[in-house]
There are 2 protein chains.
Amino acid sequence: MSVAESVETSLSIAEAADATGLTTHTLRYYERDGLLLDAVDRASSGHRRYSEDDVGWIRMITRLRATGMPIREVRQYADLVRAGDGNEAERLQLLVAHRDRVRQQLAEVATHLEAIELKIGLYERTTCTLT
Amino acid sequence: MSVAESVETSLSIAEAADATGLTTHTLRYYERDGLLLDAVDRASSGHRRYSEDDVGWIRMITRLRATGMPIREVRQYADLVRAGDGNEAERLQLLVAHRDRVRQQLAEVATHLEAIELKIGLYERTTCTLT
DNA sequence: GCTTGACTTCGAGTGCACTCCAAGGCGCAC
DNA sequence: GTGCGCCTTGGAGTGCACTCGAAGTCAAGC
């Protein structure tokens with residue numbers, strides 16, 4: 001923990017887990033699975049050192065995951081970014097497709113939620129009557 | 001199919017699947033797993049006959065599922081309903097807890113979506129510049 | 001009366017996303 | 001110098017929700 005303040009801030013895997021809300025297991029899993037842009041830097045001991053860029057990217061992919069993008073597709077996106085400049089149109093296409101799916105799913109969930117709230121209204125009336 | 005118009009409308013499993021958007025596999029799975037209120041009626045041939053009540057209940061549980069309620073909890077809810085009158089408060093509690101989770105998750109997804117839309121905005125500017 | 005097709009059961013298989021384990025390394029505190 | 005805790009690896013295990021397969025039944029049409 002005393003190593004935490006290096007010249008440029010870099011985090012241990014536990015700190016990165018803390019910072020991103022993932023577990024250390026998941027962080028290693030994501031790296032193995034090609035979701036990160038590069039292999040994370042290592043200290044001389046072999047321990048991972050996460051840069052701010054790493055953490056920023058991981059936050060991005062947690063947003064994608066939290067909105068339901070499958071791992072496979074996150075990897076595709078990472079592959080595009082890793083490939084460097086020139087494929088921005090493809091990245092855009094991927095993100096737009098995802099956005100549209102999320103919007104639609106959000107709308108569907110909202111509709112279902114309304115139906116559930118209606119049901120709750122019925123039960124509330126019942127239990128009020130009973131009390 | 002010519003049997004479709006019985007005295008009181010009852011549906012074959014394929015028709016019920018059509019009506020609910022589930023597969024016949026899933027319908028049988030739900031029944032096996034105790035998600036339905038009773039075992040579905042059978043024709044003399046042993047084939048399932050879904051009543052309108054059955055279909056209504058299945059629609060309700062697809063709404064619960066579509067909003068992320070785990071199978072296990074849907075079963076608990078079904079158990080309560082099956083137990084009959086007197087536990088409305090428990091059912092209400094279960095639904096309210098679910099509603100709150102859904103609302104929160106909806107809000108989180110909306111936030112993540114905004115961040116993703118921001119990213120899309122950046123890419124749109126990039127690709128415009130390139131063109 | 002034989003084929004066709006929709007249905008039945010039970011159990012096994014699939015895909016996804018983690019999640020955990022065993023065996024071992026490193027560096028600091030006592 | 002030894003225990004402690006955090007880290008490493010590869011691979012195996014878990015939980016969820018389906019999804020499929022095999023073998024067989026039944027009613028209807030030709």
- Query: Quick one: does B:E114's side chain have a donor or acceptor within less than 3.5 Å of a partner on B:T111's backbone?
  - Reply: no
- Note on the structure: Rounded to whole Å, CG of B:L11 lies from P of C:dA6 at a distance of 16 Å
- Query: Should B:Y29 be listed as having a side-chain N or O under 4.0 Å from OP1 or OP2 of D:dC20?
  - Reply: no
- CZ of B:R28 to OG1 of B:T23: how many Å apart, nearest 0.5 Å? 8.0 Å
- Task: For B:E90, check side-chain contact (heavy atoms from CB on, under 4.5 Å) against everything at least two apart and list the hits.
- Result: B:L80, B:N87
- Message: Tell me the interatomic distance from A:E73, atom CD, to C:dA17, atom P, rounded to whole angstroms.
- Response: 10 Å
- Note on the structure: In whole angstroms, the gap separating P of C:dA17 from CD of A:E31 amounts to 18 Å
- Task: With a 4.0 Å heavy-atom cut-off, tell me which residues in residues 96-108 of chain A come close to DNA chain C, sorted by residue number.
- Result: none
- Message: Taking only side-chain N and O atoms of A:Y30, does any of them lie within less than 4.0 angstrom of OP1 or OP2 on C:dA17?
- Response: no
- Task: Spell out, as yes or no, whether a donor-acceptor pair under 3.5 Å connects the side chain of A:E124 to the backbone of A:L122.
- Result: no
- Query: Among all residues two or more places apart in sequence or in another chain, which pass the salt bridge (Lys or Arg N to Asp or Glu O under 4.0 Å) test with B:E117?
  - Reply: A:R103
- Which side-chain hydrogen bond (donor to acceptor under 3.5 Å, both in side chains) pairs, counting each pair once, include a residue from residues 33-43 of chain B, with sequence neighbours left out? B:E31-B:R42, B:D33-B:R75
- Item | Donor-acceptor pair, side chain of A:Q104 and main chain of A:R101, under 3.5 angstrom | no
- Message: Can you tell me how far apart CG (A:L35) and CE (A:M60) are? Round to the nearest 0.5 Å.
- Response: 12.0 Å
- According to the salt bridge (Lys or Arg N to Asp or Glu O under 4.0 Å) rule, which pairs have a member within residues 56-72 of chain A, sequence neighbours left out? none
- Task: Rounded to 10°, tell me the angle between the two end axes of the helix from C:dG1-D:dC30 to C:dC30-D:dG1, each built from five pairs.
- Result: 10°
- Note on the structure: With sequence neighbours left out, the residues meeting side-chain contact (heavy atoms from CB on, under 4.5 Å) with A:S45 are A:A43, A:H47
- Query: Below 4.0 angstrom from OP1 or OP2 of C:dC7, is there any side-chain N or O of B:S12?
  - Reply: yes
- Here the residues of residues 60-70 of chain A within 4.0 Å heavy-atom distance, strictly under, of DNA chain C are A:R65, A:P70
- Note on the structure: Here the ring pair (Phe, Tyr, Trp, His ring centres under 6.0 Å) pairs for residues 69-115 of chain A, sequence neighbours left out, are A:W57-A:Y77
- Task: Only counting residues at least two apart or in another chain, list the ones meeting side-chain contact (heavy atoms from CB on, under 4.5 Å) with B:R82.
- Result: B:A78, B:D79
- Task: Grab the NE2-P distance between B:H25 and D:dG21 for me, whole Å please.
- Result: 8 Å
- Task: With sequence neighbours excluded, tell me which residues meet side-chain contact (heavy atoms from CB on, under 4.5 Å) with B:Q93.
- Result: none
- Message: From CG of A:L27 over to P of C:dA17, roughly how many Å is that when rounded to an integer?
- Response: 16 Å
- Message: Without decimals, in angstroms, what is the distance between B:R72 CZ and D:dC18 C1'?
- Response: 15 Å
- Side chain of A:D54, backbone of A:S51: donor and acceptor closer than 3.5 Å? yes
- Task: Encode nucleotides 8-14 of chain C as B, S and - characters from 5' to 3', where the letter depends on protein heavy atoms closer than 4.0 Å: B to the base, S only to sugar-phosphate, - to neither.
- Result: BB-B---
- Separation of D:dC16 atom P from B:D33 atom CG, nearest Å, is 11 Å
